[in-house]
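These figures come from a predicted structure and were not determined experimentally. What's counted below: heavy atoms across the whole structure, side chains too, no hydrogens, waters or symmetry copies. Just so it is clear: chains get the letters A, B, ... in the order the sequence lines come, proteins before strands, and each one is counted from 1.
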2 protein chains.
Amino acid sequence: MSKSEQTRAAIVAAATKLFRTGGYDATTMRAVAKEAGVSVGNAYYYFGSKEHLVLAFYDEIFAAHLEGCEGVLATEQAFVPRLTGVLEVWLDVAESSHEFAGKFFKHAAEPTSPLSVFSPESAPTREAAIALMRRVVDGSDLKVAPALRQELPLLLWLVQMGMVLFWVYDDSSGRTRTRQLVRQAVPILDKLLRATRIPGVRGIADDVVTLVRSLVSGPGR
Amino acid sequence: MSKSEQTRAAIVAAATKLFRTGGYDATTMRAVAKEAGVSVGNAYYYFGSKEHLVLAFYDEIFAAHLEGCEGVLATEQAFVPRLTGVLEVWLDVAESSHEFAGKFFKHAAEPTSPLSVFSPESAPTREAAIALMRRVVDGSDLKVAPALRQELPLLLWLVQMGMVLFWVYDDSSGRTRTRQLVRQAVPILDKLLRATRIPGVRGIADDVVTLVRSLVSGPGR
DNA sequence: GCCAGTATTTGAACACGTTCAACTTCGGGA
DNA sequence: TCCCGAAGTTGAACGTGTTCAAATACTGGC
């Protein structure tokens, strides 16, 4: 590891530590720099803004999520426990940073931010998250129309983003309300997906797939 | 109008003007105060933060939306053109502030912000928006299960919030992509709602209503 | 070893949102 | 009319994220 890589790693480590203990606002760039043993300007040499430090934090959460999911993906075959398990692992992994997450989320929601959930900068993490959902689908017993199945990982990722949105606003202790949402909503989603085989519903499902396809490249592109 | 009301109105007018011309970030509190002919501290006497000024901006958009909807509500009976019309009026009304909207949207997504779509501060506007959706449902020919019908205004408001989310990211000229989304998605929603009368689907709809009811008081309450 | 050019590092300086102690104006009861 | 508490107003001061010209360390060619 080169010297500059060490400096970069030290800044990320300092930021992560301070974010976890004090939250986003209370963590100043001056404090991060001091903790990392560098100057303020140096931190900006490696990270364009305070937001970019958050992206590194998000990557850590995703890596932990992926690792935590392996057990679920190896053992669960049925779609409902498989998807529920994956979402619950995320809740476990993210719990310790919930307070901080609210601050993080506003950056994820700002279209012009490099940290936007749809931004090119966050594309690698986003695509890895969608790939995880593809594993959820492929390894399950779920039977849906092929056209829908193809778009399902993206749709499930959007479902996960919906859960995260709910979670961010959830101040119940231990995030029990979000957990309740997951346990209730996943079986409903399962029913809904299987219902696409009912003649009167299949046409609607096809419409949804068509709509998603026509918009999948992003609103503004 | 009392003196203090005049001062408050002057600050709102100054903020609105500067927001429209220069956007959110470029509009400083010092500039707002100067434009309104008051001191910086005085602006904070009336508005707790810069974000609270945006709330006043929201209210202006909603008032224009409500007014613009009267024609649609008076003439359209069928659910699809009725809801489509209401959403399109919103797009018309909001178009001029699209650039500005992207900048402040991050505040609307932050749970702790007074601008959050679920915050107590925005409750009056939010409830008025839901009431508008109730008028859309009540005056239409839509037939759904009574249990679902009761929650429908809230669900339609959530749909509208989804549209706004898409709209914020939409940089196509004239927001054609969001308009395309509305024209495609509303008929699908209509089909989906009417499909709740199919035996195999009704049970799912009931599940959704139960879920929404159990969560309707908000994630954290 | 030496130099030129690049990469890295520094911290003072800037503009911002926000706070607050002090000041001024207002309203209504004696 | 006078007075006092409340309401309204002020602008300097604070801590923040970010910038930048300058200083320093590094690297490859000779």
Side-chain angles (χ1 to χ4, degrees), chain A residues 1-16 18-19 21-57 100 102-108 110 112-116 121, chain B residues 1-16 18-19 21-57 100 103-108 110 112-116 119 121:
Chain A
M1 184 184 276
S2 73
K3 179 70 198 311
S4 66
E5 279 168 346
Q6 275 181 24
T7 306
R8 176 184 282 267
I11 294 168
V12 170
T16 300
L18 294 178
F19 280 156
T21 54
Y24 183 80
D25 282 345
T27 302
T28 68
M29 290 301 285
R30 287 165 179 80
V32 170
K34 190 173 185 180
E35 175 79 22
V38 299
S39 69
V40 179
N42 200 205
Y44 276 91
Y45 180 78
Y46 288 99
F47 298 91
S49 73
K50 193 175 175 183
E51 299 185 9
H52 283 81
L53 289 174
V54 178
L55 195 57
F57 189 87
F100 159 67
K103 302 293 180 179
F104 160 78
F105 188 78
K106 77 173 179 188
H107 300 287
E110 186 187 5
T112 59
S113 165
L115 304 188
S116 154
E121 284 90 340
Chain B
M1 186 185 275
S2 73
K3 180 68 198 313
S4 66
E5 279 168 345
Q6 275 181 24
T7 305
R8 175 184 283 266
I11 294 168
V12 170
T16 300
L18 294 178
F19 280 157
T21 54
Y24 182 79
D25 285 343
T27 301
T28 68
M29 290 300 285
R30 286 167 178 82
V32 170
K34 191 173 185 181
E35 175 79 23
V38 300
S39 69
V40 179
N42 198 205
Y44 276 91
Y45 180 78
Y46 288 99
F47 299 92
S49 73
K50 189 178 175 181
E51 299 187 358
H52 282 82
L53 288 173
V54 179
L55 212 51
F57 191 86
F100 163 64
K103 293 294 180 185
F104 76 68
F105 185 77
K106 67 175 178 186
H107 301 284
E110 185 186 0
T112 59
S113 163
L115 293 189
S116 156
S119 76
E121 284 92 337

[X] [atom1] to [N] [atom2]: how many Å, rounded?
X: A:Tyr24; N: D:dT16; atom1: OH; atom2: P; result: 13 Å
X: B:Lys50; N: D:dT16; atom1: NZ; atom2: P; result: 19 Å
X: B:Met29; N: C:dC20; atom1: CE; atom2: C1'; result: 15 Å
X: A:Phe47; N: D:dT19; atom1: CZ; atom2: C1'; result: 18 Å
X: A:Lys34; N: D:dG15; atom1: NZ; atom2: P; result: 14 Å
X: A:Glu5; N: C:dA7; atom1: CD; atom2: P; result: 15 Å

So do the side chains of A:Leu53 and A:Met29 get within less than 4.5 Å of each other, counting heavy atoms only?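 Yes, at least one pair of side-chain atoms sits under 4.5 Å.
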Both A:Tyr46 and A:Arg30 contact DNA chain C. Which one's nearest nucleotide lies toward the 5' end?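 Nearest-nucleotide comparison on DNA chain C picks A:Tyr46.
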Where each residue is assigned the nucleotide of DNA chain C containing its nearest heavy atom, which of A:Asn42 and B:Thr28 is assigned the position nearer the 5′ end?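 Final value for this comparison: A:Asn42.
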Between [X] and [N], is there a contact of a side-chain N or O with OP1 or OP2 at under 4.0 Å?
X: A:Tyr44; N: D:dT18; value: yes
X: B:Thr7; N: D:dT9; value: yes
X: B:Tyr45; N: D:dT9; value: no

Within 45° of the six-membered ring axis of A:Tyr45 and under 6.0 Å from that ring's centre, is NZ or CZ of A:Arg8 located there?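 No - A:Arg8 does not lie over the ring of A:Tyr45 by the 6.0 Å and 45° rule.
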Indicate the ring-plane relationship of A:Phe57 and A:Phe100, choosing parallel, tilted or perpendicular according to the 30° and 60° boundaries.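 Perpendicular: the ring planes of A:Phe57 and A:Phe100 meet at over 60°.
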Test side-chain contact (heavy atoms from CB on, under 4.5 Å) on A:Val12 and A:Phe47 and set out the steps. CA-CA 9 Å; A:Val12 170; A:Phe47 298 91; 3.4 Å; yes
